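First comes the structure, then the notes that go with it.
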Amino acid sequence: MQRKLFLFTSIIIGLTFFVPLVMRSSSFIFPFIVPKIVVFRSLALLLAGAYTVLLATNWEKFRMRFTPITGAILLFFASFTISTFVGVDWYHSLWDNHERMLGLFTILHYVLYYLVVTSVVQEWKDWRWLLRTFLLAGSIVMVIGVLQRFKPDLLLNQSGSRVASTLGNPIYVGGYGLFLAFLGWLTFMKEQLRGWKIFAGAAGLLGFLGIFLSGTRGSMLGLLSGMFVLGAVYLFMMRGHREMRRMLVGLMGGFIVLLGVLFAFRQTPFVSQIPALGGLLNSFSGAAGGTASTRFMAWGIAVEAWQERPVFGWGPNNYYYAFNKYYRPEFLEHGWGETWFDNAHNIIMNTLAVQGAFGLLTYLAMFGTVVFMLYRGYRRGLDHHIVAVGVAFLAAHLAQNVFVFENPTSYLYFFFFLAFLNSQVEYQAVTVPVNTAKREAFPFALSAVVTLVILLLVYSTNWNAARANQSSLLSLRGLYTQQDPIGQYQKTVAIPSPHIDDIRTDFSRTITQVVDFYVRDGKSDMAKQLLDLARSELQKNLGLHPNDIRTHLLVAQVDEMGASYFQNPEYLFDAERILTEALQHSPKRQQIQYVLAAIKLNLLKFDEAIALMKQSIENDPKVADGWWRLAVFYDRMGKRDEAQAVVLEARGLGIKFDEQGQSMVNGILPIGATPTPANHQIITL
């Protein structure tokens, strides 16, 4: 019976490897994330239940053993927990949003997953089958990515020349491919049978290909770093093999020379168009611009935020709040899409901001502890391929995360690999003697109780969350079809879900997109009911997340629509109040300044509106939007001379208007008008 239970537990572990393939495009909001998380968390709970019963059958063999690696992981989890409840928004840290779902509650499942896997799987023959299964699941993901290269719209892929496979984001594909490449190499070196060697090699090559198909700079950086570290570790361990060392030195030297040549010609069409690699080389040269520039600024904001909360940080998943507070107007120079960051896109900087110095130390301690234990294991006879690949992948993963962030799939392979390495060090290199002679009778009563508890947990924490997400999608569709949207929404919010705040936001935002159709179709009463419902639901969100300026802006948008459709100035006064509060949370964000200034203009508070626009220009004179909006404001106030002076000065400073801005200023000043000299400043506070 114990063997059957062990096999059952191993099957559940194997099923987790196929979680990256889970997606339901027609049933869920964020179909690439929500189904994966609820399935993984359910499997993790089933795994915990099976492990509980397995412990009862043979405590001495399967009990958890405290190791330095396990200690480092638990210390990081403790940091995550502390920062959750001392941060600026504990609710968001605990649950995250349903776009990522990586709050403390989900991280608990990954840690639990690690503890069970590393305790249950002890023998190499069992690990070998798990590694093979992981490579099989990963290969399917990569093959789908290859198919998307030839059929770009397959599985809702919207990444152009980059592939997202079943993961929904090319960044995730790149990281997954990176792990598969290293795991494929390790399995290839450890397999004895030719057929399995070929399989492992092919899976590793698919992972390698996935890095390039994803076009992800972070994954390419991880690959280059990992390959160099892999060679260095092999070189260290082969001190007694001169020929092998010479070959490795030659390969590493050629590798460095090749990179040097590519870097020297990085801006040539051939090199710059190499997927992932070309973008990476140009990022380091400063030629990439765009997102690379804004990410460097986001790192700087992380440091500023850390200085305010140096020990435990702002709380996991709360970088967004820090970004808003320390927002720099220069972000808008790169487009509206670069003005919203909920992650620093750098694991070091992001962890520093959200978990503080303590959290960053515990995060790095996980890597350092594993490397140390692998070195100690090597000294005691641990297989040198496991040591080399273990150290190399950890270096690659850390280097990759300089540009990206963790996701459901990366947490899966990261904690699985840590469980594998810990098991190798604990059970194979150190070899703890275990008394397996005593076996308890199978605990049927305990099994029944555990099964009931696990099913209740799965239902309450995962099934309900999935139902609510699916019902939310139906309520959004009801808004477009105008088929009892309020009734469907009430059914949705009646389902218990920790992501009720996201459900309210999605429904309210969609109302702003469709309410005009209701008005045009003669359904003004329904339009008013919907707008009032949106205001009411968003107010609940403000009570839960008082610093969330996205909610403030959405409330103001709803108010503006109410004022426009129903000629009620009270809506505008409410919007003014909400946005004034939002500006306190993000003092230099132009989007708030522009909307608030427009509302003040409609309330005939001309001086306040002009002052806000001038402030936005003073914060960053390079942003064209502030100039043409200020000119339009003056023009609508009947001050054509002041409006023309603003346009002339902007042109004198070399400001280039986009299509919208140019169309607005064309009615104020002829295109051929003489600009004001650049050194003449007329916009002053």
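In this chain, residues are counted from 1 in sequence order. Any value given below was found using the heavy atoms of this structure, including those in side chains, with hydrogens, waters and symmetry copies removed. None of the values given here were measured: they were computed from a predicted structure.
- Pairing each heavy atom of Phe32 with each of Leu167, the nearest pair is CB-O, 3.7 Å.
- By the 4.5 Å heavy-atom criterion applied to side chains, Leu186 and Phe420 are counted as neighbours.
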Gln424/Trp127 under side-chain contact (heavy atoms from CB on, under 4.5 Å): CA gap, chis, key distance, verdict: CA-CA 10 Å; Gln424 297 308 295; Trp127 279 112; 3.3 Å; yes
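- Side chain of Thr84 to main chain of Phe80: a donor-acceptor pair is present (N/O by atom type, distance under 3.5 Å, no hydrogens or angles).
- For Arg550, the CZ atom is densely surrounded, since the number of other residues' heavy atoms within 6.0 Å is greater than 12.
- A distance of 6.0 Å or more separates the ring centres of Tyr113 and Phe415.
- From Arg100, atom CZ reaches atom CG of Asn343 across 6.0 Å, with rounding to the nearest 0.5 Å.
- Annotation for Val229 and Val391: closest pair CG1-CG1, 3.8 Å, computed over non-hydrogen atoms.
- A parallel orientation is assigned to the rings of Phe367 and His397, their planes being inclined by less than 30° (bins at 30° and 60°).
- Side-chain polar atoms of Asn422 and Thr118 form a donor-acceptor pair below 3.5 angstrom.
- In this structure, a donor-acceptor pair under 3.5 Å is present between the side chains of Arg589 and Asn324.
- For the residue pair Thr70 and Tyr114, a side-chain donor N or O sits within less than 3.5 Å of a side-chain acceptor on the partner.
- You'll find the side chain of Val370 reaches within 4.5 Å of the side chain of Leu394, heavy atoms only.
- In this structure, the side chains of Tyr320 and Asp548 come closer than 4.5 Å at one or more pairs of heavy atoms.
- Residue Trp95 places its CH2 atom among more than 12 non-hydrogen atoms of other residues, nucleotides or ligands, all under 6.0 Å distant.
- Ring pair Tyr319/Phe323 is tilted by interplanar angle, where 30° to 60° counts as tilted.
- Contacts of Tyr321 classified as side-chain hydrogen bond (donor to acceptor under 3.5 Å, both in side chains), with partners at least two apart in sequence or in another chain: Asp89.
- Around atom CZ of Phe228, no more than 12 heavy atoms belonging to other residues, nucleotides or ligands sit under 6.0 Å away.
- No salt bridge links Glu333 with Arg328; every basic N to acidic carboxylate O contact stays at or beyond 4.0 Å.
- Taking the six-membered ring for Trp and the full ring otherwise, the centers of Phe416 and Phe17 sit less than 6.0 Å from each other.
- We find the CZ-CG distance between Phe212 and Leu277 to be 6.0 Å, quoted to the nearest 0.5 Å.
- Annotation: side chain of Lys151 is in contact with side chain of Asp153 (closest heavy-atom distance under 4.5 Å).
- Side-chain atoms of Thr294 and Glu338 include a donor-acceptor pair closer than 3.5 Å.
- Between Phe179 and Tyr413, the angle of the ring planes stays under 30°, which puts this pair in the parallel group of the 30/60° scheme.
- No side-chain heavy atom of His345 sits under 4.5 Å from any side-chain heavy atom of Val404.
- Between the side chains of Glu406 and Ser410, a donor-acceptor pair is found at a separation under 3.5 Å.
- Counting all heavy atoms, side chain and backbone alike, Ser165 lies closest to Val141 at OG-O, 2.6 Å.
- Looking only at atom types and distance, the side chain of Thr106 has a donor-acceptor partner in the side chain of Arg41 under 3.5 Å away.
- The aromatic rings of Phe393 and Phe417 sit perpendicular to each other, their planes meeting at more than 60°, with 30° as the lower class boundary.
- Between the Ser83 side chain and the Gly315 main chain, no donor and acceptor come within less than 3.5 Å of each other.
- Note: Phe236 and Tyr375 have tilted aromatic rings, judged against thresholds of 30 and 60 degrees for the angle between ring planes.
- A donor-acceptor pair under 3.5 Å is absent between the side-chain atoms of Ser423 and the main chain of Ala419, judged by distance alone.
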Test log, rule side-chain contact (heavy atoms from CB on, under 4.5 Å), inputs Phe341 and Phe331: CA-CA 10 Å; Phe341 276 69; Phe331 279 97; 4.0 Å; yes
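- For Trp306 against Trp314, the heavy-atom pair with the smallest separation is N-NE1, 4.5 Å.
- Judged purely by atom type and a 3.5 angstrom limit, Ser225 has no side-chain atom pairing as donor or acceptor with the backbone of Gly222.
- Residues Trp124 and Lys190 have side chains in contact (heavy-atom distance under 4.5 Å, counting atoms from C-beta outward).
- The line from CD1 of Ile503 to CG of Asn469 is 7.0 Å long, rounded to the nearest 0.5 Å.
- The CG atom of Leu361 sits 13.5 Å away from the OH atom of Tyr363 when rounded to the nearest 0.5 Å.
- Aromatic pair Trp185/Phe182: centroids not less than 6.0 angstrom apart.
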Residue pair Val173, Thr216: steps toward the side-chain contact (heavy atoms from CB on, under 4.5 Å) verdict: CA-CA 8 Å; Val173 175; Thr216 305; over 6 Å; no
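- Atom CH2 of Trp463 sits in a sparse spot, with 12 or fewer heavy atoms from other residues, nucleotides or ligands closer than 6.0 Å.
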side-chain contact (heavy atoms from CB on, under 4.5 Å) evaluation trace for Phe76 with Ile73: CA-CA 5 Å; Phe76 173 75; Ile73 292 172; 5.8 Å; no
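- Looking at Met366 and Phe414, their side chains come closer than 4.5 Å, going by heavy atoms from C-beta outward.
- At a cut-off of 3.5 Å, with distance as the only test, a side-chain donor of His98 or Asp506 sits close to an acceptor on the other residue.
- Among residues two or more places apart in sequence or in another chain, the side chain to side chain contact (heavy atoms under 4.5 Å, CB included) test is passed with Val19 by Lys36, Val39, Phe40, Leu43.
- Atom CG of Leu206 and atom CG of Leu213 lie 9.5 Å apart (nearest 0.5 Å).
- Under a 3.5 Å cut-off, the side chain of Gln590 and the backbone N or O of Pro329 do form a donor-acceptor pair.
- Contact of the Tyr378 side chain with the Met373 side chain is not registered, since no non-hydrogen atoms from C-beta on lie closer than 4.5 Å.
- When the salt bridge (charged side-chain N to carboxylate O under 4.0 Å, His left out) test is applied to Glu330, no partner is found at least two apart in sequence or on another chain.
- Residues Ala399 and Leu221 share a closest heavy-atom pair of O-CD2, 3.4 Å.
- Atom OG1 in Thr81 sits 10.0 Å away from atom CD1 in Ile107 (nearest 0.5 Å).
- Ser79 and Gln355 form a side-chain donor-acceptor contact under 3.5 Å, judged by distance and modelled atom types alone.
- Within the cation-pi definition used here (under 6.0 Å to the ring centroid, within 45° of the axis), Arg24 does not qualify as a partner of Phe28.
- A donor-acceptor contact shorter than 3.5 Å links the side chain of Thr16 to the backbone of Ile13.
- For the pair Ser219 (side chain) and Gly175 (backbone), a donor-acceptor distance under 3.5 Å is present.
- We find that Glu191 and Arg132 are joined by a salt bridge, their nearest charged nitrogen and carboxylate oxygen being less than 4.0 Å apart.
- The nearest pair of heavy atoms linking Ala365 to Ala72 is O-CB, 4.0 Å.
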